[in-house]
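These notes are about the structure you will find just below.
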Amino acid sequence: MVLGSIRLLLSTGRTQLNISSSSSSSVGTGGDDDDDRDSKHRKYLAQSEVVRMSCCALKSLVLLMFAFVVLSFISALVHEKSKWILTMKQQEKYAGKLVLPALFDRAKHYYSQTETGLYLRSLSNKASKDDFDHAKRYYEEQKPFVLHSMDGYPLHAHFSTIKLPELSRISFHDMIKARGEMLLENLEKHGWEDYKIEKDKCEMFKFLKNNGLPHVDWLKIYRPGERVQKITKEIGKDSNSTFSSSSMTLKGITSQMRELIKKQKEFPLYIKSCHITTGAAKSVRKIHNISDVTTESSWDAIVDWAQRMWRYRSNDWERVWAESFNVLCSRINPGFMVQKPWKIGRQEYPEEIKVEVIWGRAYLAFVSTGKCGGDSLILRDGSVMKYTGSLSQNILHKGTPDDCYRWIVDEGHLPRVWFMAESAARLMGIDAIRIDVFVLKGNPMASVINEDSLSSGAEYRWHFPHMAELWALGHKLKKYRIVDPGVDSHKWWRGRDFYSRHVAHCNETLIASHSQMICDS
């Protein structure tokens, strides 16, 4: 008892305080409980509103994505059909306006290759981030080589007048657009037709032949005269009669091609449209064997194709450079070329790799077609990456090693491919150009140049901003050497033995097989 009293005495102050505090706390309990319930209710309502708004935003996003996909499909359908239905003037007018649905397609292609679009992709997953970082390291490795190559690079005078876009970050597509505007301005002011080094397929092949570059030879080129050129320009004023007149002229051309093909012993042959370089246009017709021209039904199908190609004009409606390049392509006379087989008896389509050359340095290669499909990238560090294994892999640029095309590196094809592409670019005197090369598995010495491109639509993924930076950097530093041969680039001919003797120096690993006779003589 005493002990308890002492304890009470010693702790009285604290005990009373606790009691007092407890009492005062008890007094306000009812009000505080109500406040707590109100606070929790308000918090619940706020959270519910956030969830509701998030669900609405997600639904809206899904609907927008669905609408985007539908509009993109409609866009492709409308614009592809326009190439057959509209006159060239109507196509140019339409392509020059960013109206629905072209707006969606141009935005899709443009923003997917900008630095911001690529950076956002890199945040999505580890595989994308690793590939993003690899591309940056690769750029740092290749930059000294490009800088060395651009020092004294022989730039054709007609390609030195480009006006760089006034942007803080210049994209690869911005550079192509600036090039198209330069080429059109050069044509209108000076009559320079350097765009024909690519946009006129037949002129391009003449350039390859007259500089001795390894390529697939042709039998004959069929181009219309002035009369047909005038008729073609007037298509649309009286569509039926003018197309009938041009069709009669075309009938004579197709008849001549048929007789020429009948005399051949080596197949397959290819009929290529001179005035169309767009891959999606299906402007190349394969002649598998003699029966394709001797069987009436087969030949009728070829004539029908030729008539469609005759009227067709390239229209890059989904690209930001459409307006200028569409006008340039509209100035090209239609025509056809009958091309010899690359390899006699080879019916399957060859592997084609597209090499992007910047200031005379091959930066990378893009696998375009082959047994394993396309859309793989080959770098000079030996990596071969595939991006089309799945939809997410394609969209997010998640590269995985491509074992199917590994042979291009392992068999030693690239030294010849890089050298041919770089040599072609230098002989053309062009700052940046894509050179397309056929390669044959098992024979690294068989590769030849197929085509080129001034406005590549290939998917370079993480490498887009780095390539654009190097391209623009050359024009800022101006370390190149301007060369004016007095002719347009596609007419800059040095002789059919020039590449073999003066560029490859008769190195049998770098020249065409038939060129060995030139070196032996």
Side-chain angles (χ1 to χ4, degrees), residues 155-156 158-159 161-162 172-173 175-187 192-211 213-216 218 221 223 270 272-281 283-284 309 312-316 319-337 339 352-360 362 365-366 368 420-438 448-458 460 467 471 487-493:
L155 182 66
H156 193 294
H158 297 180
F159 282 87
T161 60
I162 190 170
F172 194 73
H173 287 190
M175 289 298 295
I176 295 177
K177 181 181 178 183
R179 163 177 283 173
E181 292 168 350
M182 173 199 71
L183 292 171
L184 182 57
E185 183 178 354
N186 286 348
L187 175 65
W192 299 341
E193 298 180 323
D194 299 89
Y195 65 95
K196 288 185 176 181
I197 194 70
E198 181 235 337
K199 299 305 177 184
D200 190 324
K201 195 174 294 184
C202 294
E203 290 296 325
M204 176 197 70
F205 271 96
K206 287 180 183 177
F207 173 88
L208 296 176
K209 187 168 190 173
N210 288 300
N211 284 286
L213 286 157
H215 66 285
V216 182
W218 68 90
I221 293 175
R223 302 303 291 261
Y270 296 87
K272 292 189 171 183
S273 306
C274 296
H275 57 294
I276 308 171
T277 58
T278 310
S283 62
V284 178
M309 291 300 107
Y312 188 102
R313 293 296 180 275
S314 294
N315 182 354
D316 286 331
R319 305 291 183 177
V320 293
W321 58 78
E323 192 166 1
S324 55
F325 275 110
N326 281 0
V327 175
L328 291 168
C329 290
S330 71
R331 309 290 175 88
I332 300 173
N333 228 18
F336 296 102
M337 174 178 68
Q339 192 176 44
E352 182 181 42
I353 58 177
K354 302 175 182 292
V355 182
E356 197 67 44
V357 183
I358 303 173
W359 296 109
F366 173 86
S368 173
M420 284 195 304
E422 292 173 349
S423 299
R426 283 181 171 272
L427 290 173
M428 294 172 181
I430 298 178
D431 44 2
I433 188 168
R434 195 191 78 206
I435 305 295
D436 303 346
V437 180
F438 283 156
V448 294
I449 296 174
N450 178 41
E451 295 176 353
D452 61 45
S453 178
L454 294 171
S455 54
S456 176
Y460 300 128
M467 292 163 61
W471 185 357
V487 293
D488 297 339
S489 56
H490 66 287
K491 294 182 179 179
W492 197 359
W493 301 346

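Atom CZ in F207 sits 8.5 Å away from atom CG in D452 (nearest 0.5 Å). Rounding to the nearest 0.5 Å gives a distance of 8.0 Å between NE2 of H275 and OG of S283. Atoms CD1 and CD, on I435 and E198 in that order, are 10.0 Å from each other to the nearest 0.5 Å. How far CD of E323 is from NZ of K177: 8.0 Å, rounded to the nearest 0.5 Å. Expressed to the nearest 0.5 Å, how far CE of M204 lies from SG of C274 amounts to 10.0 Å. S453 contributes atom OG, which lies 5.5 Å from atom NZ of K199 (distance to the nearest 0.5 angstrom).
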* Trace of the side-chain contact (heavy atoms from CB on, under 4.5 Å) decision for F159 with M182 -> CA-CA 8 Å; F159 282 87; M182 173 199 71; 3.8 Å; yes
* Should H158 and D194 be marked as a side-chain hydrogen bond (donor to acceptor under 3.5 Å, both in side chains) after you check the CA-CA gap, both sets of side-chain angles, and the distance that decides it? -> CA-CA 7 Å; H158 297 180; D194 299 89; 2.7 Å; yes
* Take L183 and F325 through the side-chain contact (heavy atoms from CB on, under 4.5 Å) test and state the conclusion after the steps. => CA-CA 8 Å; L183 292 171; F325 275 110; 4.0 Å; yes
* To do: Take D488 and E203 through the side-chain contact (heavy atoms from CB on, under 4.5 Å) test and state the conclusion after the steps.
  => CA-CA 11 Å; D488 297 339; E203 290 296 325; over 6 Å; no
* To do: Could you check C202 against R223 for side-chain contact (heavy atoms from CB on, under 4.5 Å), going step by step and ending with a plain yes or no?
  => CA-CA 9 Å; C202 294; R223 302 303 291 261; 3.6 Å; yes
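Here the closest heavy-atom approach between residue D431 and residue R179 is recorded as OD1-NH2, 2.5 Å. Here the shortest heavy-atom pairing between R313 and C329 reads CD-O, 4.2 Å. Nearest heavy-atom pair across W492 and N211 is O-ND2, 3.1 Å. Here the shortest heavy-atom pairing between L187 and L328 reads CD2-CD2, 3.8 Å. Across all their heavy atoms, M420 and I449 have their closest contact at O-CD1, 4.0 Å. The nearest pair of heavy atoms linking A425 to I433 is CB-CG2, 3.8 Å.
Of the possible polar contacts, none joining the W359 side chain to the A432 backbone as a donor-acceptor pair under 3.5 Å is found.
Exactly one of K272, Q339, M337, K201 qualifies for a side chain to side chain contact (heavy atoms under 4.5 Å, CB included) with I221. That residue is M337. With S368 as the fixed residue, the side chain to side chain contact (heavy atoms under 4.5 Å, CB included) test singles out one of R434, E352, E451: E352.
The aromatic rings of H215 and W218 lie tilted to each other, with the angle between the two planes from 30° to 60°.
With contacts defined as side-chain heavy-atom distances shorter than 4.5 Å, the pair I162/M175 qualifies. At least one side-chain heavy atom of I430 sits under 4.5 Å from a side-chain heavy atom of L454. Residues Y195 and N186 form no side-chain contact, since every pair of their non-hydrogen atoms from C-beta on lies 4.5 Å or further apart.
Partners of M467 by side-chain contact (heavy atoms from CB on, under 4.5 Å), not counting sequence neighbours, listed by chain and number: F172, E356, I358, Y363, L364, Y460, H463. In terms of the side-chain contact (heavy atoms from CB on, under 4.5 Å) criterion, residue partners of R319 (sequence neighbours excluded) are, by chain and number, H109, H173, D316, W321.
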